[in-house]
Asks: 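Let me begin by handing over the structure; questions about it come next.
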Amino acid sequence: MASPTAIVPWVMPEDMKLPVAITHPSPEDRVAITDCIDRLVLGMDTNDAELFDSALAQNAQWVLHIKTLVGLQAIHEQCFDSDITKLDTTHYVTNMRIHVEDDGSKAAVTTLYEAHHYRGGRGAVSGSARYSTGGVYFMRLARDGDLAQGDWKITYVKLKPIWTEGDRLLVMQH
């Protein structure tokens, strides 16, 4: 008789972990970093290209489970234009940890996410096909401009789904 496959719970990959003892941002930087991440997800959910793009650095990298996109133009064209704007989505981020690095010009963030995806125009229709997922975002941010006045921009995004539910092909058909 074959032994059952061992079930192994998910563990945070080393390259996504922040130190246990983090260097906290100033209250102003915490608000600005949180706002940057909120602009990214709200831009996705409202199909607001200007808001979405405002969160990302020109040289940003977006690591998905199936591909890596490099540069704001590639992320915009291959993620925002080709997928996000074709769907009704909601993305939630919570349990955010922010670690300020270097001289205060860089930060690393981990946050949990939950995302729901429906075909465009079908999100409010009861019983519609959907794809939902939850997991961890790991992001790196840098100040864009002067250290004291620069806006925060996302330079690196990696997502690690922990769970999924529904029709994954729904988000891959575009």
Asks: Strictly distance-based, threshold 3.5 Å: is any side-chain N or O of R140 a donor or acceptor partner for the main-chain N or O of A60?
Replies: no
Asks: Compare every heavy atom of A74 with every heavy atom of L69, then report the nearest pair and how far apart it is.
Replies: CD1-O, 4.2 Å
Asks: Just say parallel, tilted or perpendicular for the rings of W62 and F52, cut-offs at 30° and 60°.
Replies: tilted
Asks: Would you mind checking if K158 and D15 are paired as a salt bridge, meaning a charged N to carboxylate O distance below 4.0 Å?
Replies: yes
Asks: Identify the two heavy atoms, one from R119 and one from D167, that lie closest to each other, and give their separation to 0.1 Å.
Replies: NH2-OD2, 4.3 Å
Asks: Once you round to the nearest 0.5 Å, how far does CG of D35 lie from OG of S54?
Replies: 8.0 Å
Asks: Please report the shortest heavy-atom distance between Q78 and D83, naming the atom on each side.
Replies: O-OD2, 3.6 Å
Asks: Applying a strict under-4.5 Å side-chain criterion to I, L, V, M, F, W and Y, I'd like to know whether L64 and I154 cluster together.
Replies: yes
Asks: Would the number of heavy atoms belonging to other residues, nucleotides or ligands and lying under 6.0 Å from CD of Q73 be above 12?
Replies: no
Asks: Say you draw a straight line from NE2 of H117 to OG1 of T90; how long is it, rounded to the nearest 0.5 Å?
Replies: 8.0 Å
Asks: CE/M139 to CE/M16 distance, rounded to the nearest 0.5 angstrom?
Replies: 9.5 Å
Asks: Looking at V20, is its backbone amide N or carbonyl O close enough to the side chain of R97 to form a donor-acceptor pair, meaning the two atoms are under 3.5 Å apart?
Replies: yes
Asks: Compare all side-chain heavy atoms of V157 with those of V63 and state whether any distance is below 4.5 angstrom.
Replies: no
Asks: Would you give me the side-chain donor-acceptor pairs under 3.5 Å for residues 128-136, sequence neighbours excluded?
Replies:
from: S128; atom 1: OG; to: R122; atom 2: O; distance (Å): 2.9
from: S128; atom 1: OG; to: V125; atom 2: O; distance (Å): 2.8
from: R130; atom 1: NH1; to: S132; atom 2: OG; distance (Å): 3.1
from: R130; atom 1: NH1; to: E165; atom 2: OE1; distance (Å): 3.0
from: R130; atom 1: NH2; to: E165; atom 2: OE1; distance (Å): 2.9
from: S132; atom 1: OG; to: H116; atom 2: ND1; distance (Å): 2.7
from: T133; atom 1: OG1; to: W163; atom 2: O; distance (Å): 2.9

Asks: Do we see a donor-acceptor contact under 3.5 Å between the side chains of N47 and T85?
Replies: no
Asks: Using side chain to side chain contact (heavy atoms under 4.5 Å, CB included), reason through V100 and D29 one step at a time and then give a plain yes or no.
Replies: CA-CA 9 Å; V100 175; D29 281 339; 5.6 Å; no
Asks: Rounded to the nearest 0.5 Å, what separation is found between the CD atom of Q58 and the CG atom of D53?
Replies: 8.5 Å
Asks: Could you tell me whether the side chains of D48 and T46 share a donor-acceptor contact shorter than 3.5 Å?
Replies: no
Asks: Looking at every heavy atom in both H91 and A115, which two are closest together, and how far apart are they?
Replies: CD2-CB, 3.4 Å
Asks: Should S82 and E77 count as side-chain neighbours, where that means a heavy-atom distance under 4.5 Å?
Replies: no
Asks: Would you give the length of the straight line joining atom CD1 of I33 to atom CG of D38, rounded to the nearest 0.5 angstrom?
Replies: 12.0 Å
Asks: How far apart are the closest heavy atoms of A49 and H76, and which atoms are they?
Replies: CB-CE1, 3.5 Å
Asks: Taking atom CG of L72 and atom CG of L56, what is their separation to the nearest 0.5 Å?
Replies: 6.0 Å
Asks: Give the cluster check for Y113 versus I162: same hydrophobic cluster or not, with ILVMFWY residues linked at side-chain heavy-atom distances below 4.5 Å.
Replies: no
Asks: Does a donor on one side chain sit under 3.5 Å from an acceptor on the other, for D144 and W152?
Replies: no
Asks: Given I98, which partner from the list T110, I22, T34 fulfils the side chain to side chain contact (heavy atoms under 4.5 Å, CB included) test?
Replies: T34
Asks: Between D88 and G123, which heavy-atom pair has the shortest distance, and what is it?
Replies: OD2-N, 2.9 Å
Asks: Do I84 and V41 belong to the same hydrophobic cluster, where Ile, Leu, Val, Met, Phe, Trp and Tyr are linked whenever their side-chain heavy atoms lie under 4.5 Å apart, directly or via other members?
Replies: yes
Asks: Judged by atom type as modelled, is there a donor-acceptor pair below 3.5 Å linking the side chain of K160 to the main-chain atoms of F138?
Replies: no
Asks: Please check if V93 and M44 belong to a single hydrophobic cluster, counting links between Ile, Leu, Val, Met, Phe, Trp and Tyr side chain heavy atoms closer than 4.5 Å.
Replies: yes
Asks: Tell me whether L40 is reachable from Y156 by hopping between hydrophobic residues (I, L, V, M, F, W, Y) whose side-chain heavy atoms are closer than 4.5 Å.
Replies: no
Asks: Should L141 and T155 count as side-chain neighbours, where that means a heavy-atom distance under 4.5 Å?
Replies: no
